[in-house]
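First the structure, in the form of structure tokens, and then the observations on it.
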Amino acid sequence: MKKDYIFDLDEPAEALSVSPDHSMVVVAGRQIMKVYEILDGSFSEKYNLRTRTMNLNYSASDVAWSPVQDNIIATTSTNGSVVIWNLEKSSNKIEKVFIRHSRAATKVCFHNSDPNIVISGSKDAKINLYDLRENEPIRSFSTSGGSDSVRDVQFGLHPDHQDMFVVADDSGYVRFWEMRRTDRPVKQFPAHQGHVASVDLHPDPNNKNLLATGGGRDKFIRVWDWSKSSPEKPIYAVETSSPVARAYWRPLHTWHIASCSVINDFAINVWDIRRPFIPFASFEEHQDVVSDMAWCASDPTKFISTGKDSKLIQHSFDKAQRPLDFCNEVAVDISPFGEISFAGWLTKSM
Amino acid sequence: MRGEGEELTRAESGNAKTAVQVNEAHFIIVSSSSSSSSSSSSSPPSFAVMTESQVSRECDYDHSMPQDEFFEELDDGGGSEVLPDVWQPLDELLSLHPKYHAVFKSAIDQLFYGNGPLPMTERHYIALMAANRHACSYLMDLHRREFDRLGGDADWLNGLTAAPSKIVSLDAINRVLGHQPWSITVEQLKALTKCSAPDNWSLTELVQGVVILSTTHALCSFVFGCGNINPSELTPQEMEAPMLRRSPRSSEESPTGEVEELMKRMAALRDVTNGLDCTDEEKARHFFDMNRESSAIRPEQNGDKKSGRSPPRPGAQFTKDLSFTYVDFAQRPDASSAPTLKIHDFSWEDQGYSCVDELYQVISEHLDRKFHLTQELTYYTMGKHTDVDTSKYRTAVWMYIQSLYGIRHDDYDYAEVNLMLTRPMKTFIKTICCYPERVTDSLRASVMVDFKLSEKVHVILMILEARLQAELLYFLRTVVRLNNSASVAS
């Protein structure tokens with residue numbers, strides 16, 4: 001049996017992102033920013049981007065690889081900056097720095113077809129939209145009077161949604177913005193008690209109206225059909241054992257979602273949301289909380305994860321824990337009159 | 001009427017609330033449990049005739065309460081709780097900030113009188129130990145009396161030597177959290193939680209114990225900051241003159257220009273669009289500069305002995321080693337083992353809240369509301385001026401306090417603290433935070449001269465909450481580490 005490959009980064013990581021062709025992964029954290037080539041069962045370091053230590057632009061809180069250009073990476077920093085890196089530059093690989101958030105920047109995301117468009121979210125409650133050919137953000141989005149830190153942003157994935165993005169913030173609302181309309185969100189609805197920690201649009205074009213959200217405090221993963229004018233109830237909900245940090249759809253598996261936790265639980269759980277009480281598969285190699293993960297798009301039995309334990313791990317489903325295998329699926333009871341009731345799978349031999 | 005009366009008698013024998021149909025249009029509601037005993041002898045029991053719709057509303061009430069109404073009730077922060085009289089002197093000052101007051105009352109009510117793993121008497125005893133760290137006679141008296149009132153073992157009040165060893169073992173954490181919270185270690189928590197029964201603390205008990213300790217430490221800061229909140233032996237007249245109100249400047253005197261200067265500086269700060277021209281190296285330098293400068297601030301060693309009536313300081317009955325005090329974070333002896341706490345690695349909003357929520361759920365929402373409200377609270381006034389955006393000033397106060405405990409925010413330029421807070425103000429804040437028992441009347445009078453009373457209380461409330469949060473952050477981070485080490489070992 002193939003083993004999961006555990007690689008030591010020496011420094012805790014906050015986020016990772018894979019290149020468009022899934023040949024490389026960038027890992028970022030306060031003390032680390034490195035690009036590794038993904039090999040079968042190992043990683044090989046390609047670039048160390050953290051060439052200076054006193055400048056927080058070299059310490060990232062989030063990282064995103066351009067989905068269309070394999071040499072462009074964006075990071076956010078706790079000082080409020082958004083940094084664009086170009087791996088093809090010879091020495092200092094910083095292409096551009098935008099410092100237009102007044103508080104820590106939390107999340108960055110590329111447009112899925114236009115290589116020049118990037119958005120970033122921040123604790124200052126704003127979302128900035130950048131054109132990489134300009135030196136200033138071209139637009140800024142915020143709800144009126146809003147003071148809620150932005151936790152997650154994601155651009156629409158499918159052709160008719162690409163100019164729209166979805167935002168998770170501390171208010172507990174999920175908001176959909178249209179890239180050209182800064183006056184107000186085109187749609188918003190309450191999704192969680194406390195804040196919304198993460199959003200993920202379904203990658204499958206047949207289910208493009210599904211959105212998975214993770215609640216940071218209420219310990220729920222919820223799935224919404226956001227095409228409705230105002231979705232009142234989630235179509236599925238999973239209650240987890242600890243606050244959810246991130247929730248991601250599993251490619252090519254319509255009903256699978258992977259999640260990791262903010263504290264206490266170091267496992268990555270993959271849920272079949274139609275069976276919300278027990279994880280479909282669990283991965284328990286990490287020794288501290290998992291901060292981020294990325295699926296291998298071509299082979300959904302594989303994914304990469306990183307965490308506060310300074311590990312970078314290649315996971316494979318043949319190494320997963322299967323909690324369902326340990327469940328008793330048969331129940332028997334006897335009534336006061338001696339009748340026996342039985343619930344379970346009936347086989348022909350019985 | 002006669003007929004109705006007969007119906008009534010039958011109804012009385014039923015349950016507490018029974019509806020009896022008299023005719024098609026009316027129902028009778030009888031509340032037999034409360035009204036019948038008082039009124040049965042003199043007059044017939046009172047009853048109300050209600051229309052059908054009223055009845056259905058009344059009867060349906062319990063189970064059909066709409067869910068959002070239920071949440072609203074949770075959300076408004078309660079505040080209807082009435083705390084025992086001993087808390088009243090605090091009530092009076094806090095009532096200047098009704099919103100905060102409501103949240104504060106429900107938090108105190110939950111912490112000391114609500115559900116929780118620790119017996120109520122022990123909660124007050126722990127608070128007594130915490131108040132002893134700062135020799136705060138008002139709070140010591142309060143908790144001594146509550147301990148007594150709730151039926152605590154009077155023997156314990158003779159001092160720690162008479163208390164059970166489990167309680168005594170909390171003294172080490174009381175000391176560290178109160179003065180040098182950054183130096184709390186996983187080993188200390190292990191010593192408390194992993195020893196043999198009956199001295200061991202469950203994590204749930206420990207979290208409640210520590211929330212009590214740190215709340216009380218922070219309340220000591222509030223009490224000394226406001227001044228003259230005294231033990232209940234004082235006469236009402238004496239109680240009625242809290243220090244703050246006896247501002248040495250009368251209102252006719254021309255203002256010092258303190259407020260105007262602050263407003264000018266706040267406006268200037270907003271104009272340079274949030275200090276964007278400042279590099280990270282400079283920001284880091286500002287943080288350390290400010291820390292160093294703050295180390296130079298030395299509060300007076302002993303209280304205001306000359307200024308007349310200084311209440312006698314209680315001894316160290318309920319805590320050991322009173323010589324253990326705050327040291328400047330920049331000069332801490334264990335600098336390598338206790339680096340600055342980066343708020344982006346461990347914040348109340350994310351890890352802190354969830355950690356408390358896991359172990360002592362009923363208090364997490366109260367604490368969260370208190371922190372959130374204190375940071376957001378503003379009336380857009382400063383002294384005589386209205387419509388002032390005070391956010392820069394409030395942020396500076398909060399950041400300065402947390403920096404005293406080595407908590408650093410990457411996205412804040414600490415040079416702003418120096419612009420917003422004068423040296424006397426920093427001395428005041430640092431004294432109130434770290435050595436509240438050493439505050440003097442003259443120090444209190446030297447700062448915030450033109451501020452309104454409510455504004456002074458507001459600033460002191462921020463000191464309270466920022467200090468509480470700092471202590472909790474260090475403690476909770478250590479709890480998480482303890483949990484992590486346990487689950488990795490298993």
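Here the structure is a predicted model, which means the values were calculated and not measured. Per chain, numbering begins at 1; letters A, B, ... match sequence-line order. Basis for what follows: all heavy atoms, side chains included, without hydrogens, waters or symmetry-related copies.
Within the model, atoms NE2 of His344(B) and OG1 of Thr106(A) stand 11.0 Å from one another, a figure rounded to the nearest 0.5 Å. Within the model, atoms CG of Asn484(B) and CG of Asn264(A) stand 7.5 Å from one another, a figure rounded to the nearest 0.5 Å. Within the model, atoms CG of Asp413(B) and OG of Ser102(A) stand 12.5 Å from one another, a figure rounded to the nearest 0.5 Å. The OG atom of Ser347(B) sits 5.5 Å away from the NZ atom of Lys123(A) when rounded to the nearest 0.5 Å. Rounding to the nearest 0.5 angstrom, the gap separating the CG atom in Asp350(B) from the CZ atom in Arg151(A) is 4.0 Å. One finds the NZ atom of Lys283(B) at 12.0 Å from the CE atom of Met54(A) (value rounded to the nearest 0.5 Å).
Counting heavy-atom pairs closer than 4.5 Å to chain B, the top residue among Arg103(A), Lys308(A), Arg217(A), Arg30(A) is Arg217(A).
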Run the numbers on Asp345(B) and Glu14(A) for side chain to side chain contact (heavy atoms under 4.5 Å, CB included), then give the verdict. CA-CA 10 Å; Asp345(B) 290 337; Glu14(A) 298 287 336; 4.0 Å; yes
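Taking 4.0 Å as the cut-off between side-chain N and carboxylate O, Arg481(B) and Asp288(A) do not count as a salt-bridged pair.
Asn483(B) touches chain A through its side chain: at least one heavy atom from C-beta onward sits under 4.5 Å away, while N, CA, C and O do not. Contact of Leu56(A) with chain B is made through backbone and side chain together, with heavy-atom distances under 4.5 Å. With a 4.5 Å cut-off on non-hydrogen atoms, Asn57(A) touches chain B through its backbone and its side chain both. Heavy-atom distances place the side chain of Glu376(B), and not its backbone, under 4.5 Å from chain A. The part of Ser241(A) that comes within reach of chain B is its backbone (N, CA, C, O), which places non-hydrogen atoms under 4.5 angstrom from that chain. For chain B, the nearby part of His195(A) is the side chain; its heavy atoms alone come within less than 4.5 Å. Heavy atoms of Ser147(A) lying under 4.5 Å from chain B belong exclusively to its side chain.
A 6.0 Å sphere centred on OH of Tyr58(A) holds more than 12 heavy atoms belonging to other residues, nucleotides or ligands. In Tyr380(B), the OH atom is not crowded: 12 or fewer heavy atoms of neighbouring residues, nucleotides or ligands sit closer than 6.0 Å. Remark: Asn115(B) CG is loosely packed, at most 12 non-hydrogen atoms of other residues, nucleotides or ligands lying under 6.0 Å away. Around atom NZ of Lys194(B), more than 12 heavy atoms belonging to other residues, nucleotides or ligands sit under 6.0 Å away.
Proximity of a side-chain donor or acceptor of Asp411(B) to a complementary backbone N or O of Asn79(A) within less than 3.5 Å is not detected.
When all heavy atoms of Ser354(B) and Gly216(A) are compared, the closest pair comes out as OG-O, 4.1 Å.
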